[in-house]
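Data first, discussion second: the structure below is written as structure tokens.
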There are 2 protein chains.
Amino acid sequence: MLSGAEVTGVLRSKGFKATPQRLAIYDALSHTTAHPNADMLYRELVPHYPTMSLATVYKTLDILCTVGLAQELNVGEESFRYDANVESHPHVRCLSCGRVDDVPVLNDTSLLSQAAVSTGYEITGRQIYLYGICPACSEKRKKKLH
Amino acid sequence: MLSGAEVTGVLRSKGFKATPQRLAIYDALSHTTAHPNADMLYRELVPHYPTMSLATVYKTLDILCTVGLAQELNVGEESFRYDANVESHPHVRCLSCGRVDDVPVLNDTSLLSQAAVSTGYEITGRQIYLYGICPACSEKRKKKLH
DNA sequence: CTTAGTGCAAAGCTTTTGCAATCCC
DNA sequence: GGGATTGCAAAAGCTTTGCACTAAG
């Protein structure tokens, strides 16, 4: 999680202006673990930034991904989600409530090299998505059964 | 890849009718390695089934996934892709030409159990997407440099 | 025959774009 | 001041839905 000054520096170094909207969007994204999509971020920010527009959120998320301050997730939903943690790490989505959580790093170091050999691709990135039932939903189901 | 009779059996056993459109869509999907999206399938089928509609393709793909005859992929594009191979296997997409290929099974057996322990989720499924440059695009790039 | 399915067109969603007003630097 | 950015509204692309007609079983 970078400070406002650091984010400003990264944006400017890549030729982008550091606007209040962009800083606010990065700030919101870096302070949540909910892996929000554009609309979730918009609704969280509007109360504090009444003139914020959804289009600006989309444009900013695009820029944040471009400059390496965020990554885009595709958890199998209609919309993209975003994560300010740009390290490659697996994500897990609850098929019951839809929440998305991080999965601590797993030792999949050999994955890329194995895939490169078997497919002939130059592998440059990866995304691992797991699906299941989160502890809270699991608990709810058990209670229902009693 | 199942025969028409087998597909008919699966559909009926789950309470769905086996229409010519559904069999044709499964047949097309099971005979390609392109991991097509709904529109790609539609354009492939229309010449042979002039009355085929895109809406039917969407509805059928939904049913095929429901009855376990196909799986939906989310490779980071605007649209969903589909695969008649329902075994869990990684996919790789070329960032240059967009093609999507299968990756032969990698030994990630410990992945699910590791994730279950660290997150508390009951893990039921996984998707692994890799990104890179396919051999053909890689070759093109080299030629350009000469 | 009865009920599910097809196909068309319209609607719904997410995301992108055009453009005048505004703000950053 | 000049050029990038915002924010609105409209457009675009993928997917779903309503409904009359048709076909499967």
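The sequence lines fix the lettering, A, B, ..., with proteins before strands; numbering per chain opens at 1.
In this structure, B/Tyr42 places its OH atom 16 Å from P of D/dG13, rounding to the nearest Å. Rounding to whole angstrom units, CG of residue B/Asp39 and C1' of D/dA12 are separated by 14 Å. One interatomic measurement links the two molecules: CE of B/Met52 to P of C/dT6, which rounds to 8 Å at whole-angstrom precision. If you measure from atom CD of A/Glu72 to atom C1' of C/dT15, you get 11 Å, rounded to the nearest angstrom. Atom P of nucleotide C/dG5 and atom NZ of B/Lys59 are separated by 10 Å, given to the nearest angstrom. As rounded to whole Å, 12 Å separates atom C1' of D/dC14 from atom CG of B/Asn74. Residue A/Leu41 contributes atom CG, which lies 14 Å from atom P of C/dT14 at whole-angstrom precision. A/Leu23 has its CG atom 14 Å from the C1' atom of D/dT6, to the nearest Å.
When the side-chain nitrogen and oxygen atoms of B/Thr56 are compared with OP1 and OP2 of C/dG7, one or more of them lie within a distance under 4.0 Å. Between B/Thr19 and the phosphate of D/dA23, there is no side-chain N or O to OP1/OP2 separation shorter than 4.0 Å. In this model, the phosphate group of C/dC23 is not approached by any side-chain N or O of A/Gln21 to a distance below 4.0 Å at OP1 or OP2. Of the side-chain N and O atoms in B/Thr51, one or more sit less than 4.0 angstrom from OP1 or OP2 of C/dG7. Contact between the side-chain N/O atoms of B/Tyr58 and the OP1/OP2 oxygens of D/dT15 is found at a separation under 4.0 Å.
With the nearest nucleotide of DNA chain D identified for both B/Thr8 and B/Ala55, B/Ala55 has the one nearer the 5' end.
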For nucleotides 1-4 of chain C, which of its nitrogen or oxygen atoms have a protein nitrogen or oxygen under 3.5 Å away, and what is each distance?
{"residue": "C/dT3", "atom": "O2", "partner": "B/Lys17", "partner atom": "NZ", "Å": "3.2"}
{"residue": "C/dA4", "atom": "O4'", "partner": "B/Lys17", "partner atom": "NZ", "Å": "3.3"}

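Side-chain atoms of B/Leu11 and B/Arg22, non-hydrogen and from C-beta on, do get closer than 4.5 Å to each other. Residues B/Pro36 and B/Leu29 are in side-chain contact: their nearest non-hydrogen atoms beyond the backbone lie under 4.5 Å apart.
Taking the six-membered ring where the residue is Trp, A/His89 and A/His35 present tilted rings, their angle falling between 30° and 60°.
Looking at A/Asp83 and A/Arg81, no side-chain N of the basic residue comes within less than 4.0 Å of a carboxylate O on the acidic one, giving no salt bridge. For A/Lys143 and A/Glu139, the salt-bridge test fails: no basic side-chain N is under 4.0 Å from an acidic carboxylate O.
Between the side chain of B/Tyr129 and the backbone N or O of B/Asn74 there is at least one donor-acceptor pair closer than 3.5 Å. The backbone N or O of B/Asp62 sits less than 3.5 Å from a side-chain atom of B/Thr66, completing a donor-acceptor pair.
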